[in-house]
Colleague: 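Got a structure here, written out as structure tokens. Questions coming.
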Amino acid sequence: QVQLVESGGGSVQAGGSLRLSCVASGDMYRRACMAWFRDGPGDEREGVAGIGPDGETDYGEAVKGRFTISRDNAKNTLYLQMDRLKPEDTAMYYCAAGRALSLNPDWITYWGQGTQVTVSS
């Protein structure tokens with residue numbers, strides 16, 4: 001069992017930055033594939049970024065070059081550095097753990113409760 005708790009959301013102006021954190025409990029974290037998702041305007045869940053246990057990464061097209069995912073296995077913590085934020089990045093962001101490095105929500109086993117990010121123009 002893995003429990004995920006996000007923090008770091010908030011309101012920022014376009015062009016600004018935020019860093020999200022996700023603390024994971026449970027022994028599986030070091031072996032888990034981790035990811036960030038967000039709920040899009042049509043309530044679809046969009047994959048933002050993913051990272052494997054050895055540090056390999058994948059990014060959604062909408063955030064490539066602006067967001068950076070990282071993990072600190074010693075602290076059981078996942079991060080998402082978000083730079084050059086745009087109003088269309090406004091969403092609830094979810095930390096997730098799954099069995100493979102994928103931005104497909106069907107591959108996710110555990111979800112956090114979410115943290116809201118609001119970007120104003």
Side-chain angles (χ1 to χ4, degrees):
Q1 188 78 8
V2 175
Q3 293 181 327
L4 306 170
V5 179
E6 303 98 332
S7 63
S11 297
V12 65
Q13 288 192 325
S17 299
L18 282 174
R19 188 174 83 155
L20 306 183
S21 299
C22 171
V23 178
S25 63
D27 295 333
M28 290 177 56
Y29 175 79
R30 288 176 177 78
R31 303 185 303 274
C33 293
M34 304 297 298
W36 291 96
F37 286 78
R38 65 188 183 187
D39 283 341
D43 287 335
E44 74 279 10
R45 191 147 292 185
E46 176 190 6
V48 174
I51 186 167
D54 295 327
E56 64 271 35
T57 59
D58 190 18
Y59 292 92
E61 287 297 323
V63 307
K64 279 183 179 178
R66 299 188 298 122
F67 290 11
T68 304
I69 190 171
S70 62
R71 64 192 297 166
D72 185 337
N73 287 343
K75 296 181 179 179
N76 276 22
T77 302
L78 177 73
Y79 302 100
L80 184 68
Q81 177 66 41
M82 304 185 295
D83 298 318
R84 291 184 281 139
L85 281 160
K86 303 176 181 180
E88 51 264 45
D89 294 318
T90 295
M92 183 72 78
Y93 283 72
Y94 298 91
C95 177
R99 57 189 182 274
L101 178 57
S102 174
L103 299 183
N104 184 339
D106 293 341
W107 285 86
I108 297 302
T109 306
Y110 302 103
W111 295 96
Q113 294 298 307
T115 185
Q116 179 67 37
V117 171
T118 302
V119 184
S120 58
S121 56

Colleague: Give, for atom CZ of Arg66 and atom OG of Ser17, the distance between the pair rounded to the nearest 0.5 Å.
Modeller: 10.5 Å

Colleague: Measure the shortest side-chain to side-chain distance between Pro87 and Ser120 over non-hydrogen atoms and say whether it is less than 4.5 angstrom.
Modeller: no

Colleague: Whether the side chain of Glu6 engages the backbone of Cys95 through a donor-acceptor N/O pair (distance < 3.5 Å, no angle test) should be reported.
Modeller: yes

Colleague: Give me the other members of the hydrophobic cluster that Met82 sits in, counting Ile, Leu, Val, Met, Phe, Trp and Tyr linked by side-chain heavy atoms under 4.5 Å, directly or via other members.
Modeller: Val2, Leu4, Val12, Leu18, Leu20, Met28, Tyr29, Met34, Trp36, Val48, Ile51, Tyr59, Val63, Phe67, Ile69, Leu78, Leu80, Leu85, Tyr93, Tyr110, Val117, Val119

Colleague: Which distance, rounded to the nearest 0.5 Å, do you find between the CG of Asp89 and the CZ of Arg84?
Modeller: 10.5 Å

Colleague: Using a cut-off of 6.0 Å, state whether more than 12 heavy atoms not belonging to Gln3 lie near its atom CD.
Modeller: no

Colleague: Does Trp107, at its CH2 atom, have more than 12 non-hydrogen atoms belonging to other residues, nucleotides or ligands within less than 6.0 Å?
Modeller: no

Colleague: The criterion is side chain to side chain donor-acceptor pair (under 3.5 Å); which residues satisfy it with Glu46, sequence neighbours excluded?
Modeller: Arg38

Colleague: Using ring pair (Phe, Tyr, Trp, His ring centres under 6.0 Å) as the criterion, list what pairs up with Tyr94, not counting sequence neighbours.
Modeller: none

Colleague: Could you check whether any side-chain N or O of Ser102 sits under 3.5 Å from a backbone N or O of Ala100, counting only pairs where one atom can act as donor and the other as acceptor?
Modeller: no

Colleague: Quick one: does Arg71's side chain have a donor or acceptor within less than 3.5 Å of a partner on Gly52's backbone?
Modeller: yes

Colleague: Rounded to the nearest 0.5 Å, what separation is found between the CD atom of Gln13 and the OG atom of Ser121?
Modeller: 9.0 Å

Colleague: Is Arg45 salt-bridged to Asp39, going by a charged N under 4.0 Å from an acidic O?
Modeller: yes

Colleague: Counting N and O atoms only, with roles assigned by atom type, does the side chain of Asp58 sit under 3.5 Å from a partner on the main chain of Gly50, one being a donor and the other an acceptor?
Modeller: no

Colleague: Specify the closest pair of heavy atoms between Ala91 and Gln116, including all atoms of both residues, with the distance to one decimal.
Modeller: O-NE2, 3.4 Å

